[in-house]
*Asks:* 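Below is a structure I'd like to ask you about.
Lettering follows sequence order; numbering is per chain, from 1.
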Protein chains: 2
Amino acid sequence: MVRQPSINAQHRPPLSIERIVEAALQIIDGQGLGRLTMRRLGDALEVEAMAIYHHLPRGKEELLDALVAHVAAAPAAAPAGDRGGGAWRDELRRWATSYRARLLEHAGVLPLLVTGRNPAALMSTTASLREILRRGGVPEDAAAGAAHALLALVIGHTALEVRGNAPGQGERTDWDVRFHTALDLVLDSVRPARRTG
Amino acid sequence: MVRQPSINAQHRPPLSIERIVEAALQIIDGQGLGRLTMRRLGDALEVEAMAIYHHLPRGKEELLDALVAHVAAAPAAAPAGDRGGGAWRDELRRWATSYRARLLEHAGVLPLLVTGRNPAALMSTTASLREILRRGGVPEDAAAGAAHALLALVIGHTALEVRGNAPGQGERTDWDVRFHTALDLVLDSVRPARRTG
DNA sequence: ACCTGAACACCGTTCAAGT
DNA sequence: ACCTGAACACCGTTCAAGT
């Protein structure tokens with residue numbers, strides 16, 4: 001029961017990959033990717049920059065990989081009521097909407113996502129997409145194609161939205177409308193097999 | 001007629017924005033975006049790095065803007081035979097295919113494209129897309145939506161392709177097939193008005 | 001095991017100076 | 001007008017050292 005004085009240093013939580021990634025994300029969201037430096041990250045964690053290398057031996061490269069993994073991870077798939085009749089379309093719409101929101105929330109990470117880095121990061125995402133389509137009765141092949149198209153659309157749209165929302169834009173384009181228009185354009189072409197088992 | 005000796009220095013072409021952008025693109029394509037530095041760019045142009053600032057006063061930021069403009073510029077639209085019957089679909093397919101090829105050729109610039117930088121860079125591109133759809137008899141509103149969806153799809157697909165083509169990938173996915181599958185998914189939903197004037 | 005301090009080889013950029 | 005040289009304030013990272 002030795003009460004620590006509230007001098008606030010000393011007994012801060014120990015460094016961990018989670019804390020590092022969280023602090024990095026905060027810097028990116030608040031100041032932009034360009035201002036994420038190991039030294040600034042160290043400051044935010046109240047630690048010397050060199051301490052980070054003990055947890056991420058590959059240094060900044062490994063940090064960026066972790067950021068991609070963190071942002072690209074699939075949002076938890078809804079439990080799926082699946083009362084037939086094409087409810088899977090709504091499920092895909094919800095999925096796409098929340099994934100877009102996730103990307104916009106961390107728009108500064110987007111440039112890292114369109115790189116070869118951390119190729120495995122999107123696997124669970126595409127898998128959960130294919131699963132929704134499979135449950136909707138869409139044949140395996142078509143489901144793979146549709147899942148890919150959907151993910152590409154969400155990423156591409158978000159990229160355009162980030163570009164369009166740059167300061168000093170004249171006309172106010174309604175990105176929500178654009179997004180759902182494009183979404184429906186794809187979803188309307190996806191068809192389940194004649195009869196669902 | 002004073003023949004210059006072929007000592008190769010001295011009478012090189014004078015620095016210009018075009019030469020600078022071209023050299024920068026060569027560095028990115030060959031070594032990656034991360035290795036594009038003002039000093040290396042200077043070396044490639046056989047000039048001190050500081051000379052570049054005379055042509056691009058805003059420095060590296062302006063250089064990156066110019067790179068985005070260079071890569072994102074619309075490819076020359078085909079002259080359009082327009083013998084009815086939905087030839088515009090083929091025209092859009094050709095456009096999308098060549099735009100994808102352009103992005104893949106300079107994949108290292110893609111991260112710059114999914115940023116707020118140089119918001120005007122894609123305007124001519126979307127305009128030329130809308131023009132093709134308009135000529136195909138697609139109503140203005142639907143054309144705007146379809147153009148946006150198409151561009152988002154091409155950018156998003158290229159992003160996934162760049163990620164997938166990272167070294168050390170197991171299964172050989174056929175990106176051409178994926179691309180055209182996704183393309184058709186979108187194009188199949190775009191309909192011209194009942195009767196074309 | 002975990003963190004620090006000093007050092008190294010690089011960055012982008014400014015500014016006075018050269019031609 | 002166009003380019004250079006030296007300098008400044010930063011980077012990422014290594015490595016020996018502390019606790």
*Asks:* Spell out, as yes or no, whether a donor-acceptor pair under 3.5 Å connects the side chain of Arg89(B) to the backbone of Val190(B).
*Replies:*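 Yes: the side chain of Arg89(B) pairs with the backbone of Val190(B).
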*Asks:* Does Arg134(A) reach the main-chain N or O of Glu140(A) with its side chain, forming a donor-acceptor pair under 3.5 Å?
*Replies:*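 Side chain of Arg134(A) to backbone of Glu140(A): no pair is present.
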*Asks:* Considering every strand and a 4.0 Å limit on heavy-atom distances, what is the contact class for Arg40(A): base, sugar-phosphate, or nothing?
*Replies:*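 It contacts sugar-phosphate atoms only.
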*Asks:* Can a salt bridge be assigned to the pair Glu91(A) and Arg135(A) using a cut-off of 4.0 Å between side-chain N and carboxylate O?
*Replies:*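 Arg135(A) and Glu91(A): salt-bridged.
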*Asks:* Look at the aromatic rings of His157(B) and Trp175(B) and report parallel, tilted or perpendicular, splitting at 30° and 60°.
*Replies:*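 Answer is perpendicular, since the angle exceeds 60°.
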*Asks:* Main chain of Val114(B), side chain of Arg117(B): is a donor-acceptor contact present, judged purely on distance under 3.5 Å?
*Replies:*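 No, because the side chain of Arg117(B) does not come within donor-acceptor range (under 3.5 Å) of the backbone of Val114(B).
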*Asks:* Just checking, is any N or O donor in the side chain of His106(A) or His70(A) under 3.5 Å from an acceptor N or O on the other one?
*Replies:*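 Judged by distance alone, the side chains do not pair up.
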*Asks:* Does Gly59(B) or His54(A) map to a spot on DNA chain C nearer the 5' end, using the closest nucleotide for each?
*Replies:*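 Result of the comparison: His54(A).
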*Asks:* Go through DNA chain D in 5' to 3' direction and return only the first and the last nucleotide with some atom under 4.0 Å of chain B's heavy atoms.
*Replies:*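 From 5' to 3', the first and last contacting nucleotides are dC2(D) to dA7(D).
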*Asks:* Could you tell me whether Met38(B) contacts a base, only the sugar-phosphate backbone, or nothing, with contacts defined as non-hydrogen atoms closer than 4.0 Å?
*Replies:*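 If one applies the 4.0 Å heavy-atom cut-off, Met38(B) turns out to touch the sugar-phosphate alone, with no base involved.
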*Asks:* Both distances below 3.5 Å, Watson-Crick or wobble geometry, any strand: find the nucleotide opposite dT13(C).
*Replies:*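 Result: dA7(D).
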*Asks:* Whom does dT19(C) pair with, Watson-Crick or G-U wobble, provided both distances fall under 3.5 Å?
*Replies:*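 Looking at the geometry, dT19(C) pairs with dA1(D).
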